[in-house]
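Throughout, protein chains are lettered first and strands after them, A, B, ... in sequence-line order, and every chain is numbered starting at 1.
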Protein chains: 2
Amino acid sequence: MAPVKVVDELCPVSLPAALLGERWTLLLLRQAFLGTRRFEDFQSEMDISRSVLAERLGTLVEEGILRREAYKDVRTRYEYRLTEKGLDLYPVLMALRKWGNRWMAPDEGPSYDLHHRSCGGGVGVHVACDECGAELTARDVRVTPLR
Amino acid sequence: MAPVKVVDELCPVSLPAALLGERWTLLLLRQAFLGTRRFEDFQSEMDISRSVLAERLGTLVEEGILRREAYKDVRTRYEYRLTEKGLDLYPVLMALRKWGNRWMAPDEGPSYDLHHRSCGGGVGVHVACDECGAELTARDVRVTPLR
DNA sequence: CCCTTGGGTTCGGAATCCGAACCGTAGCTG
DNA sequence: CAGCTACGGTTCGGATTCCGAACCCAAGGG
C-alpha cells in the first residue's frame with residue numbers, strides 16, 4: 001500500500017470526519033437514533049453541558065442532519081429529528097457499533113439490542129464489492145489517485 | 001421510536017464514539033488506511049500540530065489500533081501501522097466515505113477512487129439483516145433495552 | 001566537527017469546554 | 001391575577017485543550 005497524497009478537501013472522508021469527529025457529535029447522533037428528540041432529554045441522557053449541546057444541535061441543523069420542528073404537546077415544544085441526510089448516517093453508527101461490540105465490549109454486554117423488525121434477525125454491516133459481491137477488507141481494495 | 005434510556009458505558013457505540021469522536025482521530029485513521037506510516041508524513045499530509053499528533057498517535061497505540069514499530073531504512077526509523085483491531089475499523093471509514101460522497105461531495109468529485117483489487121468493482125457498504133439478508137434502514141430496526 | 005533529518009517534547013497564548021446562573025415564554029394553581 | 005414551574009435556551013468565569021514555534025537528541029554525512 002503506497003502512501004497516497006490526498007488533497008484534503010477532495011477526500012470524501014475528510015469533511016464528514018471533520019464534522020463527526022467533533023466532540024459529542026457522534027454520541028448525539030446515537031441518541032437521536034435511539035429516539036431522543038428534545039433538548040432537555042438530550043441534556044439529561046448525555047452528560048453534556050447545555051451550552052455545548054445547543055451549539056452542536058445548531059450545527060447539525062445547519063448541516064441538514066437534524067431539523068428543528070415545533071409541535072404541540074400541552075403547549076408548544078420543539079423537537080430535533082433526523083432528516084433523510086441524518087438517517088443516512090445509520091451505516092456509520094452500525095459500523096461503529098459492530099466494532100465496539102467486537103473490540104471494546106463492556107463485560108456485562110450491551111444495554112440494548114437491535115433486531116430486524118419483521119424477522120427478528122440481528123443487524124450486520126458489510127463492506128462488499130459492488131461488482132462481484134465479495135466481502136472486502138482494506139487489503140482487498142486498491143486506492144487510485146485521480147489527480 | 002420510543003426514546004430508549006441508555007446506560008452510557010454499556011452502549012457499544014459510546015466508547016468507540018468517544019475515541020473516534022476526538023478531533024483528528026478519524027482523519028488520522030483515514031490517512032493510515034491510505035498508507036501513511038511515519039510521523040513526519042502524517043504531520044505534513046494533515047495540517048495538524050506536532051504535539052497533538054504525538055498525543056493522538058499515542059492514544060491510538062495505547063488502544064491497540066496502531067502499533068509503533070522500528071525498522072531500518074538507511075537508519076532506524078519508526079512506523080505506525082494498523083493492527084488487526086485498527087484494520088477492522090475499515091467499515092466505519094467506508095460508511096463515512098459513502099455518506100460523504102452522497103451528501104458532502106465536493107464539486108470536482110473525489111481525489112481518489114477505490115476498487116476491488118481482483119475484479120475492479122466499486123466498494124459498497126450495506127446494513128443487512130443477519131437472518132433474512134434484507135437491506136436495513138433505521139426504521140426497519142427495533143431497539144430492545146435489556147436492563 | 002558541524003549540518004541535516006526524523007521523531008519527538010516543551011513552552012505561552014488562543015480557542016473550547018464546562019457548570020452554574022440567568023432569562024423569556026407559556027401554562028397551571030390558588 | 002400573582003406566583004410557580006417547565007422548557008429551551010444564552011451568558012458568564014474558570015478549567016482544558018489546541019495550536020505554532022521553538023527546542024532537544026540521536027544518528028549519519030561531508
task = Output the residues of residues 50-61 of chain A in contact with DNA chain D, where contact means a heavy atom of the residue under 4.0 Å from an atom of the strand; sort by number or write none.
result = A/R50, A/S51, A/A54
Mind calculating the distance between [atom1] ([X]) and [atom2] ([N]) to the nearest angstrom?
X	N	atom1	atom2	result
A/E22	C/dC17	CD	C1'	12 Å
B/M46	D/dC18	CE	P	13 Å
B/L27	D/dC19	CG	P	11 Å
A/Q43	D/dC7	CD	P	12 Å
B/I48	C/dG7	CD1	C1'	14 Å
B/L28	D/dC18	CG	P	13 Å
A/R77	D/dT5	CZ	P	16 Å
B/L66	C/dG7	CG	C1'	16 Å

inquiry  = Please list all pairs meeting side-chain hydrogen bond (donor to acceptor under 3.5 Å, both in side chains) that have one or both residues in residues 120-138 of chain A, counting only residues at least two apart or in different chains.
reply    = A/H126-A/E135, A/T137-A/D140
query = Hey, does A/R75 reach any base, or is it just sugar-phosphate, or nothing, if we go heavy atoms under 4.0 Å?
reply = base
message = So A/F42, base contact, sugar-phosphate only, or nothing? Heavy-atom distance under 4.0 Å.
response = nothing
key: Side chain of B/E40 (C-beta onward), nearest among D/dG8, D/dC19, C/dG7   = C/dG7
query = Would a 4.5 Å heavy-atom cut-off, applied to side chains only, mark A/R68 and A/Y78 as touching?
reply = yes
inquiry  = I want to check something: taking the side chain as every heavy atom from C-beta on, are B/T83 and B/L66 in contact at a cut-off of under 4.5 Å?
reply    = no
query = Under the side chain to side chain contact (heavy atoms under 4.5 Å, CB included) test, which residues partner B/Q43, sequence neighbours left out?
reply = B/R50, B/L53
Taking only N and O in the side chain of [X], is any of them less than 4.0 Å away from OP1 or OP2 of [N]?
X	N	result
B/R38	C/dG6	yes
B/Y78	C/dT5	no
A/W24	C/dC18	yes

Considering only distance and modelled atom types, tabulate donor-acceptor pairs under 3.5 Å from the side chains of residues 99-106 of chain B, sequence neighbours left out.
residue	atom	partner	partner atom	Å
B/W99	NE1	A/K85	O	3.0
B/R102	NH1	A/D88	OD2	3.3
B/R102	NH2	A/E84	OE2	3.1
B/W103	NE1	A/D88	OD2	2.7

5' priority, DNA chain D, between A/R23 and A/R68 [closest heavy atom] = A/R68
ask   = With sequence neighbours left out, what residues match A/W24 under side-chain hydrogen bond (donor to acceptor under 3.5 Å, both in side chains)?
value = none
query = Which residue pairs pass the salt bridge (charged side-chain N to carboxylate O under 4.0 Å, His left out) test when at least one of the two sits in residues 18-28 of chain B, sequence neighbours left out?
reply = B/E22-B/R56
Upstream residue (5' side of DNA chain C) when A/D47 and A/K72 are each assigned their closest nucleotide = A/D47
